[in-house]
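Below, read A as the first sequence line, B as the second, and so on, with proteins coming before strands; counting in each chain starts at 1.
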Amino acid sequence: MPELPEVEVVRRGLAAAVDGRCIAEVRVLHPRPVRRHLGGPDDFALSLVGRTFAEPRRRGKYLWLPFTDGDALLAHLGMSGQFRVDEADRPLPQHCRVVFGFSDDGPQLRFADQRMFGGLAISVGGAELPDEVAHIAIDLLDPQLDLAALVSRIRTRTSGIKRVLLNQQIVSGIGNIYADEALWLARLHYDTPANAIPAATLTELLGAARRVMTEALAVGGTSFDSLYVNVNGSSGYFERSLNAYGREGLPCLRCGRPMLREPFMNRSSFRCPSCQRPPRRAAERG
DNA sequence: ACTATATCCTGTATGC
DNA sequence: TGCATACAGGATATAG
């Protein structure tokens, strides 16, 4: 599941593959991934021909590929979106939805997406920062991040801390995997009210999140299966470094107690029953 | 404004 | 063997 490190791996791959190249042909094989383009699939394809890509950008889990004309191709990988770069005579990847051919007859760009939660759109004037991304908060790897301000903002929230970490309008880029990793490192229960956490602890938590995402990025991200791969189709290696996510029943790597898996927001949360104790308030709620 | 939940989507795993 | 169900979880619409 692509979170910030995985999206950044893809961004870097795209930078090497498409920067400066001119689109000659676009084929939309399934309408759903371009559903945000109001003109429909055919208009999407025609509108892109003749444009030249500049250096891809990212904020949180959003990715956009600016064109030299000031517009941009906006992309979100959702759960299972992939960009692949391959010679035109190579077979299309499974679940391939959109194919881009270039005027230089070099490798094609292919967008594949099994579950189609992701998608592509044309952002008019979006080369710097697409309007569609303006509501997304700055992410933890952005040099412009004001950590103290973020800590203060988080402390105004009454929701459980994991909900806040997953809220892309407060801090972006964190998904279920890295949220659980950061909470384990900071020894926090996911349901601890954000406004009950000392500023110093929140600073530690965000530092942990930033560290774990930086380390994941360095090894190509986290892959559990073929749903996340880089533009060459290769997996990342961070799964072996996970301390919490997916470790139900396995010993906590700090204290040895068996890790728990609990339902949370239609997904799962993994935590240590001893290092990450529930807050009193959560117990009252039942 | 904030908070919480339902929804979209399909391949894989599991249970009967 | 088949059928049904649970699960994975991004962002967003909607309800409270």
Could you please name the option among [options] that lies closest to any side-chain atom of [X]?
{"X": "A:Gln168", "options": "C:dA11, B:dT5, C:dA8", "answer": "C:dA11"}
{"X": "A:Ser268", "options": "C:dA8, B:dT5, B:dT3", "answer": "C:dA8"}
{"X": "A:Met265", "options": "B:dT10, B:dT3, B:dT5", "answer": "B:dT5"}
{"X": "A:Asn266", "options": "B:dT10, C:dG10, B:dA6", "answer": "B:dA6"}
{"X": "A:Met116", "options": "C:dG10, B:dC9, C:dA8", "answer": "B:dC9"}
{"X": "A:Arg36", "options": "C:dT12, B:dT10, C:dC7", "answer": "C:dT12"}

Open item on the list: For the CG atom of A:Leu73 and the OG atom of A:Ser47, what is their distance to the nearest 0.5 Å?
Closed with: 11.5 Å
Open item on the list: Measuring to OP1 and OP2 of C:dT12, would you say a side-chain N or O of A:Tyr62 lies under 4.0 angstrom away?
Closed with: yes
Can you check the [X] [atom1] to [N] [atom2] distance for me, whole Å?
{"X": "A:Asp113", "N": "C:dA11", "atom1": "CG", "atom2": "P", "result": "13 Å"}
{"X": "A:Leu166", "N": "C:dA11", "atom1": "CG", "atom2": "C1'", "result": "12 Å"}
{"X": "A:His30", "N": "B:dC8", "atom1": "NE2", "atom2": "P", "result": "15 Å"}
{"X": "A:Glu262", "N": "C:dC7", "atom1": "CD", "atom2": "C1'", "result": "17 Å"}
{"X": "A:Arg115", "N": "B:dC9", "atom1": "CZ", "atom2": "P", "result": "14 Å"}
{"X": "A:Arg32", "N": "B:dC8", "atom1": "CZ", "atom2": "C1'", "result": "5 Å"}
{"X": "A:Lys162", "N": "B:dT3", "atom1": "NZ", "atom2": "P", "result": "18 Å"}
{"X": "A:Arg97", "N": "B:dT10", "atom1": "CZ", "atom2": "P", "result": "7 Å"}

Task: Parallel, tilted or perpendicular, as decided by the 30° and 60° cut-offs, for the rings of A:Tyr178 and A:Phe238 - done: tilted
Open item on the list: Show the nearest heavy-atom pair for residues A:Ile170 and A:Arg153, with the distance to one decimal.
Closed with: CA-NH1, 3.8 Å
Open item on the list: Only Watson-Crick and G-U wobble pairs, only distances under 3.5 Å, only runs of 3 or more: what stems does that leave for DNA chain B?
Closed with: B:2-16 with C:2-16
TODO: May I ask you to check whether over 12 heavy atoms, not counting those of A:Arg90, lie within 6.0 Å of atom CZ?
DONE: no
Open item on the list: If you define the side chain from C-beta out and look only at heavy atoms, does anything of A:Asp139 sit under 4.5 Å from A:Met213?
Closed with: no
